[in-house]
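The structure appears right after this line, and notes come after that.
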Protein chains: 2
Amino acid sequence: MMLTKLLTILCGFGQKLVMSTQPADDRSRAPTAAEIADWIRERIRRGRFVPGQRLVEIDIIRGTGGSRSKVRDALQRLEGEGLVTIEEFCGASVRTASLEEVRQIYRARAALEGISAADFARHASAGDRLRLRELHGGLESCVSGNAPERFGRLNGEWHGLIVSGSGNVVIGDVLQRLNVPIHRLLFESFYSAERLRTAIDDHRAIIEAIEAGDATLAEAAMRRHIEDGFETLSSIDHEVNG
Amino acid sequence: MMLTKLLTILCGFGQKLVMSTQPADDRSRAPTAAEIADWIRERIRRGRFVPGQRLVEIDIIRGTGGSRSKVRDALQRLEGEGLVTIEEFCGASVRTASLEEVRQIYRARAALEGISAADFARHASAGDRLRLRELHGGLESCVSGNAPERFGRLNGEWHGLIVSGSGNVVIGDVLQRLNVPIHRLLFESFYSAERLRTAIDDHRAIIEAIEAGDATLAEAAMRRHIEDGFETLSSIDHEVNG
DNA sequence: GCCGATGAGATTGTCGACAATTTGCAAAGG
DNA sequence: CCTTTGCAAATTGTCGACAATCTCATCGGC
């Protein structure tokens, strides 16, 4: 009995939530493997698939209308992204990120976004610099208007702009991949108003360093900003988990 | 020359090199998708499959003894790693990294290995610190003994030790993935004896910073070391292609 | 001779059927 | 009541066949 329960937790963890059984997608045409992967990714992001949950192929087939091969391809692709794990005869399940792993992801983010901020300060286009200021304005209005949902989205855009404006596509890809497992944490803004104000201050300091052309300062500020973000996250986790 | 490069980028370019037609692997059991992926990866690393070359499924089936589904799975996995590109009805081909992309990869490496060096200086185990010195001794003997092949391998181990000793497996994974497309460049040591001596000097400076407990200095030195490495590579490329 | 149509061969994409394995249930035994 | 054992259903892994598409050599018209 205890053994079966243990095994259940190890392999499978059968959280068989009943699915909304809309038989297929709106469009009649068969979806590609990439589209199925998007469908799953989106559901994980939205919290419809929770970490540890098992992703049964037949359910995804019913949900997307794709064939089994396509669904399997999609799951394999997602495994490559580190979003799900696939075990022999156990199928795919949403991967859970430990706090330690989140810490390591944030350290990598600090390094990569830090260097991106420096490169942005050095040779970003005038258009990107302007857009950065605009986004910052939007973020400030979110804080005063208390719109945490919009804040999460704009904040993501702001960080993305720093990277894309730095002109390094490779770093952009790596960061996007790194962010996937913690996407829910990033956007499910359970941040306090105080944290939002702190973030805004950090952003302002970074922008000022960029506009002053001080790449080193921009990098240092960005790093500190991201590491502070992890501290906040970590303290929240401690409150929640004990 | 330029034309072939262009054709390589376009779809196909049937570089139908005849394969060594050993019918299957030594062991009789069927290889898994992961093993097939390793087989392909290894051949790309060794230069047996050159960038732009088309990877025909049937050839890989003959070479590995795996079934078509497994081979296709393996290719898809490799696409996820960024090693090959798959186009509709064009199949898989070894992805070519442009000089600009290599530059971006080196920039990312500089950021990640830099922060790893800092973390190594802060809290690496005594065993890892000792091993770092040992590897450095091996590298020095390579330079004096003129053994570029062994130098490439040991150099890889040295850099890997910095990362693993820093205690961040996420960064380790990212770096491993980043290095795959440029693996041939890293290990096909066409480096001059002078470059090797410069690298050794860099390494010594990094080790000294680490032993002095100066994380900031270690990071800066590591960054400069990697960016110098790219400069060397870039100048070689100009000699060859320009 | 040059150029486009055309058809065969080669290569890849898709799918469903079958085999291997696990899971959940239910009955037998203590 | 608890544990164990066996079986049926569910789920996943594997494979080969067929369809769709591309490549390239050939042929006929101009």
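Worth knowing before you read on, the calculation uses all heavy atoms, side chains too, and leaves out hydrogens, waters and symmetry mates. Proteins come first, then strands; the chains are lettered A, B, ... in the order of their sequence lines, and each starts at number 1.
Protein atom CD of Q53(A) is 13 Å distant from nucleotide atom P of dT11(D), rounded to whole Å.
No more than 12 heavy atoms of other residues, nucleotides or ligands shown are found within 6.0 angstrom of CD on Q176(A).
Partners of R72(B) by side-chain hydrogen bond (donor to acceptor under 3.5 Å, both in side chains), not counting sequence neighbours, listed by chain and number: E57(B). In this structure R41(A) satisfies the side-chain hydrogen bond (donor to acceptor under 3.5 Å, both in side chains) test together with D38(A), E81(A), sequence neighbours excluded.
Below 30°, between 30° and 60°, or above 60°: for H225(A) and H159(A) the angle between ring planes is below 30°, a parallel geometry.
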With the criterion being N/O to N/O and under 3.5 Å, what pairs connect the protein with nucleotides 12-17 of chain C, and how long is each?
residue: dT12(C); atom: OP2; partner: E57(B); partner atom: N; Å: 3.2
residue: dG13(C); atom: OP2; partner: R72(B); partner atom: NH1; Å: 2.5
residue: dG13(C); atom: OP2; partner: R72(B); partner atom: NH2; Å: 2.9
residue: dG13(C); atom: N7; partner: R68(B); partner atom: NH2; Å: 3.0
residue: dG13(C); atom: O6; partner: R68(B); partner atom: NH2; Å: 2.5
residue: dC15(C); atom: OP2; partner: S67(A); partner atom: OG; Å: 2.4

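Here the side chains of V50(B) and V94(B) are not in contact, with every heavy-atom distance at 4.5 Å or above.
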